[in-house]
Amino acid sequence: HDSGLCGADTMSVTTDGKFLSREAESFVRNNHITENSLFLGAFAYALAKFNGMTESCFCTVNSGRHDPRLSGSVGMFVKTLPLYFGIDDNMKTAEFLKLVQSELYGAMKHDCISFGELAAKYGVSTDIAFIYQGEMFDGAELGDGRIEVKMLETGDAQSDLDVMVLKTDGGYRLLVHSRRAVYSKALVESFVNMYLNVVGEMLKADRDFARAEMGIRDDEKLVLSMGG
C-alpha cells in the first residue's frame with residue numbers, strides 16, 4: 001500500500017467494565033506467563049476465530065535489548081517478529097498461553113535475522129501487527145518532577161491494522177490504527193470488541209476453548225483478512 005494515499009482511523013478503547021489490571025496480573029502470576037503473552041495469545045485466538053479459521057499469522061515487536069551486551073546502550077534496537085499460531089480448541093487456556101509464550105521467546109532468540117530477509121524469502125508482511133506496550137508510555141520520573149509522554153498522531157497507520165495495548169491506572173487501553181482503504185471502522189470496532197471479550201473470558205477460568213463463550217457471532221467471521 002502507498003501509505004501516503006491511505007488515511008487511517010484511530011480508535012482508543014479502555015477495558016473499563018470488562019476486567020481490571022489486577023485480574024490480569026493475578027492470572028499471569030498464577031500461570032507463570034507474562035501479561036504480554038496473555039494479550040498476545042488472546043489476539044492470536046481472536047484473529048483466527050474472527051476469520052473462521054484455526055490459525056493466525058501476524059507480526060509483533062520486541063525491544064531488541066535482551067542481549068546483556070546492549071545494557072546501557074542508547075539506540076533503536078526494536079525488532080519486528082513474524083508469528084504463526086495454530087489454534088487447538090481442545091487445549092486449556094493456560095496451556096495455550098504458555099505455548100504462545102514459548103513461541104514468542106523462540107522468535108526473539110532468532111531476532112538477529114532481519115525482517116526484510118524473512119519478507120523477501122518467505123513473503124511475510126506487517127499487514128497486521130500487535131504490540132504490547134505495557135507501562136512504557138506512562139511517563140517517567142525526572143528529579144522532583146514527572147515527564148508525561150504524548151503520542152503524536154500522523155494520520156496514517158504503520159500496518160493495515162495495528163493494535164497496541166497500554167497499561168493504565170487499574171486497567172488497560174487499546175490504541176488501534178487501521179487503514180480505512182482496507183478495513184471499515186465498523187469492522188475494526190467489531191474485532192476489537194471480540195478481542196476484549198476473549199481476554200475477559202480467558203481471565204475467568206482455565207477451561208477448554210471449545211466450551212468458552214468468547215462472544216463470537218456468525219456475522220463476525222470470515223471477514224478480516226490476515227494478509228501476508
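Here the straight-line distance linking atom CD1 of Ile128 with atom OG of Ser178 works out to 11.0 Å at 0.5 Å rounding. In this structure, CZ on Phe130 lies 10.5 Å from CE on Met164, to the nearest 0.5 angstrom. Considering OH of Tyr45 and CG of Asp89, their distance stands at 4.5 Å, rounded to 0.5 Å. Rounded to the nearest 0.5 angstrom, Gln133 CD and Arg173 CZ are separated by 10.5 Å. For the atom pair CG of Asp169 and OG of Ser21, the computed distance is 7.5 Å after rounding to the nearest 0.5 Å. Note: Leu161 CG to Thr126 OG1 = 11.5 Å, rounded to the nearest 0.5 Å.
Within the 4.5 Å cutoff, the side chain of Phe58 has no heavy atoms near those of the Ser159 side chain. Using a 4.5 Å cut-off on side-chain heavy atoms (C-beta onward), Thr60 and Met108 make no contact. For the pair Phe115 and Lys79, the minimum side-chain heavy-atom distance is 4.5 Å or more. The shortest side-chain heavy-atom distance between Leu83 and Val100 does not fall under the 4.5 Å cut-off. Looking at heavy atoms from C-beta onward, Phe39 lies in side-chain contact with Val199 at the 4.5 angstrom threshold. Side-chain contact between Glu23 and Ser26 is absent, with no heavy-atom pair separated by less than 4.5 Å. Within the 4.5 Å cutoff, side-chain heavy atoms of Lys49 are placed close to those of Ile87. Side-chain contact between Asn36 and Asn62 is absent, with no heavy atoms from C-beta onward closer than 4.5 Å.
Taking every heavy atom of both residues into account, Cys59 and Ser125 meet most closely at SG-O, 3.1 Å. In plain terms, the two heavy atoms of Phe19 and Leu196 that are nearest each other are CE2-O, 3.8 Å. Shortest non-hydrogen contact noted between Gly86 and Phe96 is O-CE1, 4.2 Å. Across all their heavy atoms, Leu97 and Ala42 have their closest contact at CD2-N, 4.3 Å.
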Next on the checklist: For Leu104 and Leu81: C-alpha separation, side-chain torsions, deciding distance, then whether side chain to side chain contact (heavy atoms under 4.5 Å, CB included) applies.
Outcome noted: CA-CA 9 Å; Leu104 173 62; Leu81 306 174; 4.3 Å; yes
Item to check | Verdict with supporting geometry, Met91 and Leu99, side chain to side chain contact (heavy atoms under 4.5 Å, CB included) | outcome: CA-CA 10 Å; Met91 291 182 72; Leu99 174 63; 4.1 Å; yes
Item to check | Val13/Val176 under side chain to side chain contact (heavy atoms under 4.5 Å, CB included): CA gap, chis, key distance, verdict | outcome: CA-CA 8 Å; Val13 183; Val176 184; 5.6 Å; no
Checklist entry - When you look at Leu174 and Val192, which way does the side chain to side chain contact (heavy atoms under 4.5 Å, CB included) test go after all the steps? => result CA-CA 9 Å; Leu174 269 62; Val192 170; 4.0 Å; yes
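One finds no salt bridge joining Glu95 and Lys98 here, because no Lys/Arg side-chain nitrogen approaches an Asp/Glu carboxylate oxygen to under 4.0 Å.
Tyr183 has its ring centre no less than 6.0 Å from the ring centre of Phe191.
Residue pairs that meet the salt bridge (charged side-chain N to carboxylate O under 4.0 Å, His left out) test with at least one member in residues 115-125, sequence neighbours left out, do not exist here.
In summary, of the residues considered (Asn31, Thr34, Leu40, Leu38), a side-chain contact (heavy atoms from CB on, under 4.5 Å) with Gln101 occurs for Thr34 alone. Partner of Asp9 under the side-chain hydrogen bond (donor to acceptor under 3.5 Å, both in side chains) criterion, chosen from His177, Arg179, Arg180: Arg180.
Tyr122 is connected to Ile113 through a chain of hydrophobic side-chain contacts under 4.5 Å among Ile, Leu, Val, Met, Phe, Trp and Tyr, so both are in one cluster. Cluster membership for Leu47 and Tyr84, using ILVMFWY side-chain heavy atoms within less than 4.5 angstrom, is not shared. Using a 4.5 Å cut-off between side-chain heavy atoms of Ile, Leu, Val, Met, Phe, Trp and Tyr, with links allowed through other members, Leu20 and Leu203 fall into different hydrophobic clusters.
The main-chain N or O of Met202 is never found under 3.5 Å from a side-chain atom of Thr93 such that the two would form a donor-acceptor pair. Put simply, the side chain of Ser56 never gets that close to the backbone of Ala48: no donor and acceptor are under 3.5 Å apart.
Glu25 pairs by the salt bridge (charged side-chain N to carboxylate O under 4.0 Å, His left out) definition with Lys167, not counting sequence neighbours. Taking Tyr195 as the reference, Phe43 meet the ring-ring contact (aromatic ring centres under 6.0 Å, His included) condition, with sequence neighbours excluded.
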